[in-house]
Amino acid sequence: MTGRTSERYNPRVEEPRWQKAWDEARSFVLEPGDTREPYYVLEMFPYPSGRIHMGHVRNYTMGDVLARYKRARGFAVLHPMGWDAFGLPAENAAMQNKVHPKSWTYANIATMRNQLKSIGLGIDWTREFATCDVEYYSKQQKLFLDMLREGLVTRRQSKVNWDPVDMTVLANEQVVDGRGWRSGAVVEQRELNQWAFKVSDFAEDLLDALDGLEQWPEKVRTMQRNWIGKSEGLRLLFELDAPHGDFSSIEVFTTRPDTIFGASFVAISADHPLAKALSEQPAVAAFIAEAHRQGTATETIDKAEKLGVFTGLHVKHPVKPGATLPVYVANFVLMDYGTGAIFGCPAHDQRDLDFARRYGLPVVPVVLPEGADPAEFEVDAEAYTGPGRIYHSEFLDGLEVETAKKKIAGYFAARTVDNRPQGKVEVNYRLRDWGVSRQRYWGCPIPVIHCESCGIVPVPDKDLPVVLPEDVTFDRPGNPLDHHPTWKHVVCPSCGGAATRETDTMDTFVDSSWYYARFTAPHADTPTIPDVANSWLPVDQYIGGIEHAILHLLYSRFFTRAMKKTGHLSLDEPFKGLFTQGMVVHETYKDASGEWLSPADVTISGGDVRTATHAATGAPVEIGSIEKMSKSKKNVVDPDEIVRTYGADTARWFMLSDSPPERDVQWTEAGIEGSSRFLQRIWKLVGDALELFDVPAGAPDMADAETAAIRRLVHRTVANVGAEIEGLRFNRAVAQIYELSNGLAKFIAATAAAPTAGRIGALHEGIERLVQLVAPMMPHLAESCWAALGKTGMVCDAGWPEADPALLVDASVVLPVQVNGKRRGEVTVPKGSPNELVEREALSLEAVARMLEGKSPRKVVIVPDRIVNVVV
RNA sequence: GCGGGCGUGAUGGAAUGGUAGACAUACGGGACUUAAAAUCCCGAGGGUGUACACCCGUGUGGGUUCGAGUCCCACCGCCCGCACCA
């Protein structure tokens, strides 16, 4: 039975109807025993902050289009959804609104789940979980204990970044320009006992494996490479000419041991143990204090001058017998990289040069650039860091830099200082171990117990989970778990004596480092079912924001390796394909007093110069810059409002149109209106076609020019849209669909004027294909159209249409004809015509003859079936 | 400073080294309408010209090529990331 579609399409009725139908048919639920080829699409799961924003809509729409497309292509598509539900905002809400973090979080999840369902995502909701579910975080505790057993977790006294506002420790990655990434407060340094994951154990592998991640953006791979920051160099001992207390030598790290003959000083960090030992000297103590003060205000780092203080100590020059080098404490030497000490070769390092100029130290060039005159070459204001040959360096003279590095490394390896080899080749990484202890309540409890007699005792597996207590209070700063009257007091599992629980919880980045694996067996009693995880992983296509390029992705890569080592899965890389989508941006508006205004309160009038007025008062409004949607600038558009007004399909379509998905998309009223019009246009096309379907369909007659043209367009579009979706080029897929709908509108007009059975047959084909192509993007509309066309079953189960290869190639081709590279005309020739024929046709063009002025061409370049260029 | 990316109509953007501006938005004109909305049709990079047509045009300047938005070099501008990493 076919329905008429003369009414306007009403998403408010149709969308809930199809969402219910998919739900009841369990269309996107993966049942056990599925034999289809697996494909895993995952979008970064949301933090349940309260409401969905447009960025979510864009992110999840992209994933959904791919998931629905792959499903139509016959894959068993895993497309799950969950909640990254631990974290500070819940505690902040608890403090501000006197609501428990748990009820706040689950209420937000309920709201946001409904919002996500309202945009029609093809999600397997049976797999949903939140990281704050006991079922989830208890498995995470199991992972932690397994990793502890494997030596992948350590506990160490370490200096940590302390956020004085959030009263918690921050990872280095969470400190942005010296401030807490969430609170914005200036970060202090504190010494605490911290649990840490030994990410650095995998530094080399995490770096090397980046080369294999071919479906990741180059940008992200580069950022991770830089973050890991590998450098190969030499640890080198400088012997003090006279011991100072316990110190008889200083160990430095250098990547340029080849420049040792140009050394003119040694510098140590203000945090170096020797610096502390020297702080009995007032000048040194003052300098260290000043360095610490500077260290916390790092915004001026590039302007910071290279400052130091002479310690009065000297070291023996390691290759110049009898010579010594002065030892400084310097503000530009970092304690947590290398050994916290360097030797300075001013001629070949800019920082050393700045320092040397300031303190009047010698500048001796020892690397001579190719072609430079050794008698003339000088270093003035700029250090020379390029390649060249070593000179002024005795036994290294004449060697290339790299060769000299090897030779000098061998030289120092063979000598001893303090009964150790003087030099040792070493690889250094910037990558630090990942400190995961957080002094917060709303996180996964770290499952260990502190016992006075037994020390650190892991919670036995049988005692898991360590459940967060619910009766906590937030009326004072610090960790509520620590304040809790009873929770932390336990019996030691080892000796049975009185002991206390660890009250730190895990960094929430731990929660999101393995959730993709949990989705493969979300209800299992173990963290994963390894066989099942291995069959689904890696995630074929992961989609999310560029802001996670380093932290989340690096930690997840570490976690898969750790989970492999602890037997929970057997692969290294979690995400085969990664796509980083752009943000949703919007104009900003300000009234005369400089207050931000919401787009909903602003009326825009068009014309050549757009102007804005306040909707209620008519007062003039200034149209400001285009910014990421944010509450503070009020330039947000509420997805609920859009779904209510236009429907989910319109919002989805707009999110996919126009802008390439990796770039920012600007939300505009005109854009959403345009999408809405297009949705109605498709509905109308289907209705117009239905008007004609009283005429029985016959086999399309390819002799009819209109029929042949539309069929070519239909099949070409089928082929192209599929390819564009595979490549996540949704904006180009959208453009293709626009072209098809324009073509079909014309064909409907032609068919209405002269309906033949053959044309009706071609129209059936064209309209059905259009609906199928639109289905991943506007799934509700497509279902309504499919039903209206009288098709049985749902379009989401109809599979993906195949393009007929015969219709993808034209019998004849139009070749542009250029003269000297400028287009002067065109010739139409049969496809695959011999060059002689093409040349004859091209030269016979009047425009070409005119340009030739009777002469014969110097050359005729013919690219078969592409172009002709006549060179005069 | 180092690394990565980008620069095309009024706007978002298309364009395996091969017809620059697909597709959309905004705009202008027309049809329908009492009117508006919706819908449909037409126009449109800049310039010269009655037309056929021609000239110019992808940030700037060079280069490679039969042919350059695309490749190479230099420069200008914007965006992003990292940033005293020895």
Side-chain angles (χ1 to χ4, degrees), chain A residues 8 177 217-227 229-231 233-234 236 252-257 259 267 269 298 301-307 330-334 336-345 348-352 354-355 428-431 546-547 549-550 606-610 654 657-660 662-666 668-675 677-678 680-681 684 729 731-742 745 749 814-826 846-847 850 857-863 865-872:
Chain A
R8 278 174 67 81
D177 291 334
E218 190 53 49
K219 180 189 172 81
V220 175
R221 292 199 281 172
T222 304
M223 285 164 72
Q224 293 219 349
R225 256 182 223 114
N226 292 341
W227 191 261
K230 177 181 181 175
S231 62
L234 194 71
L236 182 58
V252 308
F253 176 72
T254 179
T255 56
R256 294 299 304 271
T259 64
S269 164
T298 48
I301 212 160
D302 56 338
K303 282 181 245 140
E305 286 194 86
K306 308 289 177 282
L307 299 174
N331 67 347
F332 66 96
V333 181
L334 307 175
D336 61 356
Y337 185 80
T339 62
I342 61 156
F343 81 77
C345 176
H348 303 293
D349 182 289
Q350 191 59 46
R351 293 157 303 181
D352 297 348
D354 295 345
F355 191 79
N428 255 309
Y429 300 92
R430 284 186 55 208
L431 184 67
I546 186 73
E547 67 273 19
I550 297 174
D608 282 347
V609 182
R610 295 169 69 248
F654 179 53
S657 309
D658 294 345
S659 292
E662 68 278 11
R663 282 199 224 166
D664 291 351
V665 63
Q666 190 189 346
T668 61
E669 191 67 14
I672 192 74
E673 294 275 0
S675 292
R677 271 203 299 277
F678 183 66
Q680 295 294 347
R681 180 173 157 88
K684 185 170 179 297
R729 295 176 295 263
N731 57 319
R732 303 206 307 200
V734 162
Q736 293 275 337
I737 289 171
Y738 274 118
E739 266 183 88
L740 176 60
S741 69
N742 290 343
V814 178
L815 297 185
V817 178
Q818 300 179 329
V819 177
N820 291 339
K822 276 192 193 302
R823 184 182 178 280
R824 296 296 170 184
E826 59 189 33
E846 195 200 324
R850 193 170 53 238
R858 266 220 339 253
K859 188 175 173 187
V860 178
V861 180
I862 298 175
V863 183
D865 295 335
R866 284 235 72 139
I867 200 162
V868 184
N869 191 12
V870 180
V871 187
V872 179

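A note on names: the letters A, B, ... follow the listed sequences, proteins ahead of strands, and every chain is numbered from 1.
Distances were taken from every side-chain heavy atom of F332(A) (C-beta onward) to each of G18(B), C84(B), A38(B); the shortest belongs to C84(B). Counting only heavy atoms from C-beta on, E739(A) has its side chain closest to A22(B) among A38(B), C84(B), A22(B). Relative to the side chain of N742(A), the nucleotides U39(B), C82(B), A24(B) differ in distance, and A24(B) lies closest. The side chain of A670(A) has A26(B) as its nearest neighbour among U19(B), A26(B), A38(B).
Looking at residues two or more places apart in sequence or on another chain, you find no ring pair (Phe, Tyr, Trp, His ring centres under 6.0 Å) involving Y337(A). With sequence neighbours left out, the salt bridge (charged side-chain N to carboxylate O under 4.0 Å, His left out) criterion links D658(A) to no other residue. In this structure, the ring pair (Phe, Tyr, Trp, His ring centres under 6.0 Å) partners of F355(A), at least two apart in sequence or on a different chain, are F265(A), Y328(A), F332(A), Y359(A). Checked against salt bridge (charged side-chain N to carboxylate O under 4.0 Å, His left out), R225(A) has the following partners two or more places apart in sequence or in another chain: D211(A), E218(A). Taking N742(A) as the reference, R681(A) meet the side-chain hydrogen bond (donor to acceptor under 3.5 Å, both in side chains) condition, with sequence neighbours excluded. Scored by the side-chain hydrogen bond (donor to acceptor under 3.5 Å, both in side chains) test, E669(A) finds Y646(A) as partners (sequence neighbours excluded).
Counting only Watson-Crick or G-U wobble pairs whose defining distances are both under 3.5 Å, the stems of 3 or more consecutive pairs in RNA chain B are B:1-7 with B:76-82, B:10-12 with B:23-25, B:27-31 with B:39-43, B:45-48 with B:53-56, B:59-63 with B:71-75.
We find the OG-CG distance between S269(A) and L334(A) to be 7.0 Å, quoted to the nearest 0.5 Å. The CG atom of N869(A) sits 12.5 Å away from atom CG of L815(A), with the distance rounded to the nearest 0.5 Å. Atom-to-atom distance recorded for R677(A):CZ and I672(A):CD1 is 11.5 Å, nearest 0.5 angstrom. Note that the CG atom of N226(A) and the CG atom of L431(A) stand 12.5 Å from one another [nearest 0.5 Å]. From I737(A), atom CD1 reaches atom CZ of F678(A) across 6.5 Å, with rounding to the nearest 0.5 Å.
The minimum heavy-atom distance linking R823(A) with P816(A) is given by the pair NE-CB, 4.3 Å. I550(A) and Q224(A) make their closest contact through O-NE2, 3.8 Å (heavy atoms, listed as atom of the first residue, atom of the second, distance). Of all non-hydrogen atoms in C345(A) and D352(A), the two that sit nearest each other are N-OD2, 3.0 Å. When all heavy atoms are compared, the tightest approach of T339(A) to V252(A) is OG1-CA, 3.2 Å.
One atom, CD1 of I737(A), and another, P of A14(B), lie 16 Å apart when rounded to the nearest Å. What separates CG of L740(A) from P of A22(B) is a distance of 18 Å, to the nearest Å. For the pair I672(A) CD1 and U25(B) P, the computed distance is 12 Å after rounding to whole Å. Look at NZ on K306(A): it is 12 Å from C1' on A86(B), rounded to the nearest Å. For D349(A) and G1(B), the CG to P distance is 17 Å, given to the nearest whole Å.
A syn base is found at G9(B): its glycosidic angle is within 90° of 0.
With a 4.5 Å cut-off on side-chain heavy atoms, V861(A) and V868(A) do not count as touching. For the pair T259(A)/H348(A), a side-chain contact is recorded, criterion being any heavy-atom separation below 4.5 Å from C-beta on.
OP1 or OP2 of C40(B) sits under 4.0 Å from a side-chain N or O of R681(A). Contact between the side-chain N/O atoms of R430(A) and the OP1/OP2 oxygens of C84(B) is not found at any separation under 4.0 Å. Between Y738(A) and A22(B) there is no side-chain N or O to OP1 or OP2 distance below 4.0 Å.
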Derivation and outcome, side chain to side chain contact (heavy atoms under 4.5 Å, CB included), residues R8(A) and Q680(A)
CA-CA 7 Å; R8(A) 278 174 67 81; Q680(A) 295 294 347; 3.7 Å; yes

Verdict with reasoning, I546(A) to V220(A), per side chain to side chain contact (heavy atoms under 4.5 Å, CB included):
CA-CA 8 Å; I546(A) 186 73; V220(A) 175; 3.7 Å; yes

Is there a side chain to side chain contact (heavy atoms under 4.5 Å, CB included) between F253(A) and I342(A)? Walk through the geometry before answering.
CA-CA 6 Å; F253(A) 176 72; I342(A) 61 156; over 6 Å; no

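Here, C32(B) and C40(B) have their C1' atoms 8 Å apart, quoted to the whole Å. Nucleotides C73(B) and U64(B), compared at atom P, are 15 Å apart to the nearest Å. Separating the P atom of A68(B) from that of G59(B) is a span of 15 Å, rounded to the nearest Å. When the P atom is used for both U65(B) and G12(B), the distance is 36 Å, rounded to whole Å. On the C1' atoms, U48(B) is 30 Å away from G62(B), given to the nearest whole Å. Using atom C1' as the reference point in both A86(B) and C72(B), the two lie 35 Å apart (nearest Å).
Within 4.0 Å of V734(A), counting heavy atoms only, lies no atom of the nucleic acid at all.
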Close N/O contacts between protein and nucleotides 45-47 of chain B (under 3.5 Å):
none

N/O contacts under 3.5 Å, protein versus nucleotides 79-81 of chain B?
| residue | atom | partner | partner atom | Å |
| --- | --- | --- | --- | --- |
| C80(B) | O2' | K219(A) | NZ | 3.2 |

Every protein N/O lying under 3.5 Å from an N/O of nucleotides 50-54 of chain B:
| residue | atom | partner | partner atom | Å |
| --- | --- | --- | --- | --- |
| A53(B) | O3' | R850(A) | NH2 | 3.4 |
| C54(B) | OP1 | R824(A) | NH1 | 3.4 |
| C54(B) | OP1 | R850(A) | NH2 | 3.4 |

Pairs under 3.5 Å (N/O, protein and nucleotides 63-67 of chain B):
| residue | atom | partner | partner atom | Å |
| --- | --- | --- | --- | --- |
| C66(B) | O2' | N869(A) | ND2 | 3.1 |
| C66(B) | O2 | N869(A) | ND2 | 2.6 |

Can you name the atoms? Protein N/O to nucleotides 10-13 of chain B N/O, anything below 3.5 Å, with the distance.
| residue | atom | partner | partner atom | Å |
| --- | --- | --- | --- | --- |
| G12(B) | O2' | S659(A) | OG | 3.0 |
| G12(B) | N2 | D658(A) | OD1 | 3.1 |

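When each of R677(A) and V814(A) is assigned the nucleotide of RNA chain B bearing its nearest heavy atom, the one mapping closer to the 5' terminus is V814(A).
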